[in-house]
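The chains referred to below are lettered A, B, ... by the order of the sequence lines, with proteins before strands, and numbering in each begins at 1.
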4 protein chains.
Amino acid sequence: MRSAKANRTYQKIIDASMRLFNKKGYYGTSISDIAQATHLTKGAIYFHFKNKDSLLKEILNEYERTFLDQLLGEVQDLRVGAMEKIKRMLRFTLNFPLRHRDLCLCLTILSAELYGSEPKYEQDLRRIYRKYHKFVAALIGEGKEEGSVREDIDPDLAALTIIDAHEGNLIQWMMNMKRFKGKDFAKSFMAFLLNAIRR
Amino acid sequence: MRSAKANRTYQKIIDASMRLFNKKGYYGTSISDIAQATHLTKGAIYFHFKNKDSLLKEILNEYERTFLDQLLGEVQDLRVGAMEKIKRMLRFTLNFPLRHRDLCLCLTILSAELYGSEPKYEQDLRRIYRKYHKFVAALIGEGKEEGSVREDIDPDLAALTIIDAHEGNLIQWMMNMKRFKGKDFAKSFMAFLLNAIRR
Amino acid sequence: MRSAKANRTYQKIIDASMRLFNKKGYYGTSISDIAQATHLTKGAIYFHFKNKDSLLKEILNEYERTFLDQLLGEVQDLRVGAMEKIKRMLRFTLNFPLRHRDLCLCLTILSAELYGSEPKYEQDLRRIYRKYHKFVAALIGEGKEEGSVREDIDPDLAALTIIDAHEGNLIQWMMNMKRFKGKDFAKSFMAFLLNAIRR
Amino acid sequence: MRSAKANRTYQKIIDASMRLFNKKGYYGTSISDIAQATHLTKGAIYFHFKNKDSLLKEILNEYERTFLDQLLGEVQDLRVGAMEKIKRMLRFTLNFPLRHRDLCLCLTILSAELYGSEPKYEQDLRRIYRKYHKFVAALIGEGKEEGSVREDIDPDLAALTIIDAHEGNLIQWMMNMKRFKGKDFAKSFMAFLLNAIRR
DNA sequence: AATGAATGAGAATTCATTCAT
DNA sequence: AATGAATGAATTCTCATTCAT
């Protein structure tokens with residue numbers, strides 16, 4: 001059982017790392033950078049994390065816990081129609097970056113930077129995306145059966161497209177942060193997607 | 001005026017760099033890697049490129065020339081309706097990665113990896129995206145005037161969404177290359193976007 | 001506050017650097033050379049010094065502290081005549097290289113090698129020489145007022161000449177180390193200079 | 001027999017090299033720098049000079065020819081008293097840098113930078129200085145016999161001191177170029193030296 | 001007489017990681 | 001729980017030199 005102090009330090013390191021990974025990328029961020037940002041020494045960081053990799057994996061885990069598992073928990077077992085679930089899913093997905101900006105950008109950036117680079121990261125990333133994709137595709141499938149989603153939509157490909165769009169959205173949002181407000185962005189985006197699939 | 005031999009070597013370096021940046025990211029790729037991949041020495045790379053930065057900038061330039069300028073050239077002055085232009089724009093955009101896979105992925109990866117990291121790249125990236133965005137937004141605007149695009153669509157945000165989606169699409173495509181064919185992906189994606197905006 | 005161990009290592013690096021700079025010049029000496037000479041790794045050198053430049057600057061500082069400030073401290077406020085001060089100044093100056101051989105040669109070599117090359121060093125070198133020159137010129141001025149120094153001597157130019165002579169002396173001493181003893185050299189040199197200015 | 005054009009290029013390279021060695025030192029100057037300064041390619045430089053070493057040696061030779069041999073030729077066989085010869089020697093020596101600034105500084109800088117660094121340069125430098133020293137010492141010896149030079153002067157050490165002073169003088173002159181005029185400098189210096197040895 | 005492409009060794013510097021304290 | 005010193009391998013980049021043309 002870790003002490004409260006240790007826990008605080010641990011989270012401080014995670015938070016600083018996310019911010020730095022967003023700003024400078026994974027390879028662009030050194031342990032020294034993280035040490036400086038947390039007012040700790042490099043040694044201290046190695047006390048809390050086995051190595052740079054494990055820092056990354058913890059961030060991926062945090063994403064899975066706070067985004068994916070949360071999303072599934074909130075939507076999956078609702079006793080409402082499929083289209084309503086889809087709307088809630090989109091709302092959750094689009095609101096998430098507003099509350100967890102760093103975590104969210106971090107995942108997007110890391111997937112672009114690390115995907116393909118080394119199998120050790122690939123596996124984790126793939127697992128997360130598969131889980132996400134499977135869930136979205138299932139919802140769209142339900143929608144088709146229910147008749148609220150257009151017939152010519154392939155659930156697999158549509159799910160992929162929605163996730164893609166959301167990913168790219170984050171990248172563009174990051175690049176245009178000063179020009180558009182997150183709320184407007186999210187609203188326009190949601191309407192856009194609903195138009196696309198709704199019968 | 002560069003000699004034919006120099007030109008060949010130059011392009012060989014650019015090509016290998018794109019492939020490597022895609023696979024391992026910009027920071028993850030060393031000049032040594034590029035030297036090995038091209039069967040040249042590190043010194044030879046530095047004969048053709050001032051430094052690693054300029055290698056990157058040349059790739060960005062190449063993207064601007066082969067994708068953006070080409071797209072603008074082909075679509076802008078057509079004597080057809082706005083919706084037809086939008087369709088051609090989407091077709092060009094979606095076909096492009098099939099013919100220029102490395103260049104295209106490279107841009108996506110680099111924008112995610114480098115954006116925000118260092119102002120020197122930011123400027124170039126921003127310039128390219130602005131140009132792209134301005135063009136797409138103008139087309140959608142034309143479509144609204146013409147009456148072929150839904151009235152509740154904001155051209156600026158919709159353009160952004162289309163570009164986003166396309167970006168994210170590439171990331172996902174990269175991660176799912178083995179599961180879906182590029183052609184199917186593109187087709188599904190195009191239908192999706194047209195549904196979203198068409199009146 | 002640096003630990004005792006760090007201080008020892010720090011000084012070991014400074015000492016080795018001076019010896020190597022004397023033997024091979026600043027540009028001729030690599031960090032690898034210094035690492036080998038100190039039985040440390042290159043990384044360890046960079047732990048103690050930001051870069052090669054700062055190593056150099058520390059040596060210049062050390063010269064200022066151990067030679068110039070010491071000299072000023074010992075001579076400036078003596079309650080004796082100007083000519084006596086001049087003699088003591090010369091004695092101090094001429095004895096200094098016998099006790100601080102490396103430091104002294106190092107300064108001479110670095111000034112010849114680096115002067116004009118890069119403004120970053122120029123500033124420091126100039127500061128040190130100005131301070132030295134100002135002090136010597138003042139002493140000679142006092143001597144003139146006192147009547148013990150020839151009237152046709154211009155303090156500024158004479159000070160410069162004395163400093164020059166001393167500098168050149170070191171270069172030649174270095175080149176003739178085996179032929180002349182430092183003591184004889186210094187003695188002859190002192191007589192020479194006194195003859196030159198004494199009324 | 002080299003063509004006129006080749007000779008011109010050759011000299012252009014030598015001149016540029018001297019200027020650059022003065023400004024950035026021997027190790028600080030690259031063949032690329034020289035190529036740029038001469039508007040030639042590196043290859044062209046290697047056509048005229050075997051390597052960087054031989055460039056240096058040619059400069060040392062030029063110094064020996066234009067300074068030393070000239071000085072000996074002008075003074076050695078004069079049918080005048082020793083003190084007069086000494087005066088002429090000093091005048092020649094002190095005027096030389098005014099007419100051959102680059103060559104002169106070059107020698108000083110190279111001796112400081114290279115002496116001790118590598119035997120191959122040491123030899124040449126030592127030869128030149130020995131020849132110079134031998135000549136000056138002989139003159140002072142003659143002066144003593146003639147009775148115009150103080151009895152307590154040791155010719156060997158005095159010669160060394162004069163050469164030293166002149167060397168250091170150049171370094172200081174270089175560092176103070178803007179503050180003192182060469183002419184004044186030389187005059188003050190000559191008076192200084194004559195005072196020192198004259199009976 | 002000169003160019004331009006390329007080599008290969010070595011330079012400065014960074015950085016993940018270790019470990020005694 | 002954390003520090004500070006050190007390692008060693010990798011990285012970007014420079015540079016003297018070569019050689020076919």
Side-chain angles (χ1 to χ4, degrees), chain A residues 2-3 5-10 27-35 38-53 55, chain B residues 1-10 27-35 38-53 55, chain C residues 1-10 27-35 38-53 55, chain D residues 2-3 5-10 27-35 38-53 55:
Chain A
R2 273 200 293 258
S3 81
K5 189 186 180 193
N7 268 333
R8 250 177 294 131
T9 306
Y10 179 95
Y27 289 119
T29 300
S30 69
I31 300 289
S32 270
D33 291 335
I34 298 171
T38 49
H39 303 288
L40 291 166
T41 58
K42 280 187 277 180
I45 292 174
Y46 277 90
F47 179 80
H48 290 278
F49 294 89
K50 197 179 163 303
N51 51 31
K52 209 182 166 187
D53 277 13
L55 230 172
Chain B
M1 193 65 194
R2 272 199 292 260
S3 78
K5 191 190 179 194
N7 267 334
R8 248 176 296 130
T9 307
Y10 179 95
Y27 290 118
T29 300
S30 73
I31 301 289
S32 269
D33 291 336
I34 299 171
T38 49
H39 302 290
L40 290 165
T41 56
K42 280 180 281 174
I45 313 268
Y46 279 94
F47 177 78
H48 291 277
F49 296 87
K50 201 180 161 311
N51 50 33
K52 211 183 164 188
D53 273 17
L55 196 44
Chain C
M1 192 68 196
R2 272 201 290 263
S3 78
K5 192 189 179 194
N7 268 333
R8 250 176 295 131
T9 308
Y10 180 94
Y27 290 118
T29 300
S30 72
I31 300 289
S32 268
D33 292 337
I34 299 172
T38 49
H39 303 290
L40 290 165
T41 57
K42 280 182 279 175
I45 314 267
Y46 278 92
F47 177 78
H48 291 278
F49 295 88
K50 199 181 163 308
N51 50 33
K52 211 183 163 189
D53 273 18
L55 196 45
Chain D
R2 274 200 292 257
S3 81
K5 189 187 180 193
N7 269 332
R8 249 177 296 129
T9 305
Y10 179 95
Y27 289 118
T29 300
S30 70
I31 301 289
S32 270
D33 291 336
I34 298 172
T38 51
H39 303 288
L40 291 166
T41 57
K42 279 186 279 181
I45 293 175
Y46 277 91
F47 179 80
H48 290 279
F49 295 88
K50 197 178 162 303
N51 50 31
K52 209 183 167 189
D53 277 13
L55 229 172

**OP:** Nearest whole angstrom, please: distance from the P of E/dT17 to the CG of A/Leu55.
**Re:** 10 Å
Subject >> Interatomic distance, B/Lys50 NZ vs F/dC13 P [rounded to whole Å] >> reply: 8 Å
Any protein N or O atoms within reach of nucleotides 2-4 of chain F? Criterion: under 3.5 Å, listing atom names and distances.
{"from": "F/dA2", "atom 1": "OP2", "to": "A/His48", "atom 2": "NE2", "distance (Å)": "2.7"}
{"from": "F/dT3", "atom 1": "OP2", "to": "A/Thr41", "atom 2": "N", "distance (Å)": "3.1"}
{"from": "F/dT3", "atom 1": "OP2", "to": "A/Thr41", "atom 2": "OG1", "distance (Å)": "2.8"}

**OP:** Tell me what C/Thr38 touches on the nucleic acid: a base, only sugar-phosphate, or nothing, going by heavy atoms under 4.0 Å.
**Re:** nothing
Original post:
Can you tell me how far P of E/dG10 sits from CD1 of B/Ile31, to the nearest Å?
Top reply: 21 Å
**OP:** Rounded to the nearest angstrom, tell me the gap between atom CG in B/Asn51 and atom P in E/dA11.
**Re:** 22 Å
Original post:
Nearest 0.5 Å, what's the NZ-OG distance between A/Lys42 and A/Ser30?
Top reply: 7.5 Å
Original post:
So, does C/Asn7 use its side chain to make a donor-acceptor pair with the main chain of C/Ala4 at under 3.5 Å?
Top reply: no
Subject >> Atom of C/Asp33, atom of C/Gly28 and distance for their closest heavy-atom approach >> reply: OD2-O, 3.8 Å
**OP:** For DNA chain F, produce a single dot-bracket line, 5' to 3'. Pairs: Watson-Crick or G-U wobble, both distances under 3.5 Å. Symbols: ( ) within strand, [ ] crossing, | other strand, . unpaired.
**Re:** .||||||||||||||||||||
**OP:** Specify the closest pair of heavy atoms between A/Tyr46 and A/Asn51, including all atoms of both residues, with the distance to one decimal.
**Re:** CE2-CA, 3.9 Å
**OP:** May I have the distance from B/Tyr27 (atom OH) to E/dA16 (atom P), rounded to whole angstrom?
**Re:** 13 Å
Original post:
When rounded to the nearest 0.5 angstrom, what is the spacing between OG1 in D/Thr9 and CD1 in D/Ile45?
Top reply: 10.5 Å
Original post:
Nearest-Å distance, CZ (C/Phe49) to P (F/dA5)?
Top reply: 13 Å
**OP:** First locate atom CG of B/Leu55, then atom CZ of B/Phe49, and finally report the distance between them rounded to the nearest 0.5 Å.
**Re:** 5.0 Å
Original post:
When the distance from OH of C/Tyr46 to P of E/dA12 is rounded to whole Å, what number comes out?
Top reply: 6 Å
Original post:
Between A/Asp53 and C/Asp53, which has a closest nucleotide on DNA chain E that is more 5'?
Top reply: C/Asp53
**OP:** Return the value, rounded to whole Å, for the distance between atom CD1 of C/Ile34 and atom P of E/dG10.
**Re:** 17 Å
Original post:
Which heavy-atom pair separates D/Lys52 from D/Ile31 by the least distance, and what is that distance?
Top reply: CG-CD1, 3.8 Å
Subject >> Contacts of B/Tyr10 that satisfy side chain to side chain donor-acceptor pair (under 3.5 Å) - sequence neighbours left out >> reply: B/Glu58
Original post:
Hey, what do you get for CG (D/Leu40) to CZ (D/Phe47), rounding to the nearest 0.5 Å?
Top reply: 11.5 Å
